[in-house]
Amino acid sequence: PQQGRLGMNEKSALFVLGMHRSGTSLMAGCLAGLGVDFGSDMVPAREGVNAKGFFEHRQILEVHDRLLGLLESDWMDPCPLPTGWAKGAGATAEAQRLQTILHRDLRSPLIGIKDPRLARLLPLWTDLMEREGRATKTIIVLRKPSEIAASLARRDQFSEERSLLLWLNQMLGAEEVTRGLPRLFINFEDLLAAPAESCERISDRLEIQFPILPAEGRTILEE
């Protein structure tokens with residue numbers, strides 16, 4: 001049935017969104033285990049933070065950070081980006097750099113892009129995906145804000161108030177930028193307890209045919 005719904009030749013991009021420390025790396029790792037292509041130039045794993053890797057493309061992350069800098073912002077900034085930023089000269093130039101990265105390192109039919117900054121910067125990608133002839137599909141990972149705050153306190157020494165404000169802005173942003181797009185909310189606890197079942201939901205709800213079916217990749221997902 002899955003083969004009939006989704007042709008193998010369709011080009012799609014799966015975008016993984018969510019607050020920092022919410023389980024987006026775990027989600028992306030599961031997708032990579034099922035054959036989603038996140039590219040080769042990856043941010044290295046960090047023991048004690050994400051020992052299995054972040055699954056973030058280093059050059060894409062650099063583009064995101066550079067664009068936020070041009071907009072006088074960064075990942076810790078709770079303030080909204082300027083109105084119309086996605087059509088500005090800076091965003092246009094950075095979108096061209098993203099296109100170059102895609103053509104060089106992300107050419108598979110099913111690619112993945114993961115970065116918590118997407119909760120603000122996804123509009124930069126949607127127009128690009130349309131020009132590339134790729135379907136844009138999104139996954140938003142949810143985790144209890146108290147757990148995220150505790151994790152950020154350990155990693156970055158953030159106060160609980162600061163972490164909760166960032167969480168609220170991040171999640172509202174993720175909801176807003178994915179409106180009108182195929183999307184699925186995945187609970188971190190469900191993903192941790194039953195990764196294969198969570199990926200089956202993604203396959204069914206977003207009409208994604210993974211190179212490795214979740215049932216067949218259960219051992220990989222549960223490692």
Side-chain angles (χ1 to χ4, degrees), residues 1-3 5-18 20 22-45 50-61 63-64 98-99 101-119 121-122 124-126 128-130 132-142 174 177-178 181-188 190-192 194-223:
Q2 196 176 53
Q3 180 82 19
R5 281 205 323 260
L6 182 66
M8 285 294 287
N9 293 326
E10 182 184 56
K11 293 166 60 179
S12 297
L14 269 174
F15 291 87
V16 180
L17 296 87
H20 300 261
S22 68
T24 53
S25 295
L26 175 62
M27 182 74 263
C30 290
L31 298 175
L34 297 178
V36 178
D37 180 13
F38 283 83
S40 59
D41 189 4
M42 309 303 287
V43 174
N50 272 336
K52 294 185 178 180
F54 293 86
F55 298 91
E56 294 173 353
H57 196 288
R58 184 181 60 83
Q59 295 171 55
I60 290 175
L61 202 64
V63 169
H64 287 172
L98 291 176
Q99 188 173 44
I101 295 168
L102 287 175
H103 291 176
R104 183 175 62 240
D105 198 31
L106 288 161
R107 296 178 292 181
S108 301
L110 180 57
I111 65 171
I113 310 290
K114 177 257 173 178
D115 182 6
R117 294 158 184 79
L118 289 168
L121 297 180
L122 186 64
L124 185 70
W125 286 92
T126 49
L128 177 57
M129 292 298 96
E130 186 174 353
E132 291 289 304
R134 282 190 182 273
T136 297
K137 304 186 180 188
T138 61
I139 300 166
I140 301 172
V141 184
L142 306 175
V177 298
T178 58
L181 295 171
R183 68 180 179 182
L184 181 64
F185 293 86
I186 293 288
N187 187 287
F188 172 71
D190 294 339
L191 178 63
L192 198 61
E197 287 73 9
S198 294
C199 289
E200 285 173 353
R201 282 187 63 214
I202 293 168
S203 177
D204 182 58
R205 294 285 295 277
L206 297 182
E207 297 190 329
I208 291 292
Q209 185 163 351
F210 295 113
I212 301 172
L213 296 177
E216 296 172 356
R218 187 177 296 273
T219 302
I220 299 171
L221 296 175
E222 294 177 355
E223 285 181 351

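Counting from 1, the numbers follow the sequence of the chain as shown. These numbers were taken from a predicted model, which means no experiment stands behind them.
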Fill in: Test side-chain contact (heavy atoms from CB on, under 4.5 Å) applied to Glu197 and Arg218, step by step
CA-CA 9 Å; Glu197 287 73 9; Arg218 187 177 296 273; 3.0 Å; yes
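- A heavy-atom distance below 4.5 Å is found between the side chains of Phe54 and Lys114.
- With Arg134 contributing its side chain and Pro109 its backbone, the two residues share a donor-acceptor pair below 3.5 Å.
- What you find for Gly23 and Leu191 is that their closest heavy atoms are O-CD2, 4.2 Å.
- For the atom pair CD1 of Ile101 and NE2 of His57, the computed distance is 6.0 Å after rounding to the nearest 0.5 Å.
- Side chains of Asp115 and Ile60 form no contact here, defined as non-hydrogen atoms less than 4.5 Å apart.
- Atom NE2 of His20 is separated from atom OG of Ser25 by 10.5 Å, given to the nearest 0.5 angstrom.
- Closest non-hydrogen pair, Leu221 versus Pro214, comes out as CD1-O, 4.2 Å.
- Counting heavy-atom neighbours within 6.0 Å of Gln99 CD, excluding the residue itself, gives a total above 12.
- From Ile139, atom CD1 reaches atom CG of Leu31 across 4.5 Å, with rounding to the nearest 0.5 Å.
- Rounded to the nearest 0.5 angstrom, Asp204 CG and Ile202 CD1 are separated by 11.0 Å.
- To the nearest 0.5 Å, atoms CG (Leu17) and OG (Ser22) are separated by 9.5 Å.
- Here the CG atom belonging to Leu206 is positioned 7.0 Å from the OG1 atom belonging to Thr138, to the nearest 0.5 angstrom.
- The shortest non-hydrogen separation linking Glu10 to Ala135 is OE2-CB, 4.4 Å.
- Without hydrogens or angle criteria, Thr136 side chain to Ser12 main chain gives no donor-acceptor distance under 3.5 Å.
- Minimum heavy-atom separation, Ala32 to Phe55: CB-CE2, 3.8 Å.
- Residues Asp37 and Leu106 share a closest heavy-atom pair of O-CD2, 3.4 Å.
- Side-chain contact between Leu102 and Met129 is present, with at least one heavy-atom pair separated by less than 4.5 Å.
- At a threshold of 4.5 Å between non-hydrogen side-chain atoms, the residues Lys137 and Leu184 do not count as touching.
- Side-chain contact between Leu26 and Val141 is absent, with no heavy atoms from C-beta onward closer than 4.5 Å.
- Closest of all the heavy-atom pairs between Leu118 and Ile113 is CD1-O, 3.7 Å.
- In Arg104, the CZ atom is crowded: over 12 heavy atoms of neighbouring residues, nucleotides or ligands sit closer than 6.0 Å.
- Inter-residue side-chain proximity for Phe15 and Thr126 is flagged as unmet; no heavy-atom pair is nearer than 4.5 Å.
- Counting only heavy atoms from C-beta outward, the side chains of Glu56 and Pro116 approach each other to under 4.5 Å.
- Annotation: side chain of Ser40 is not in contact with side chain of Arg58 (no heavy-atom distance under 4.5 Å).
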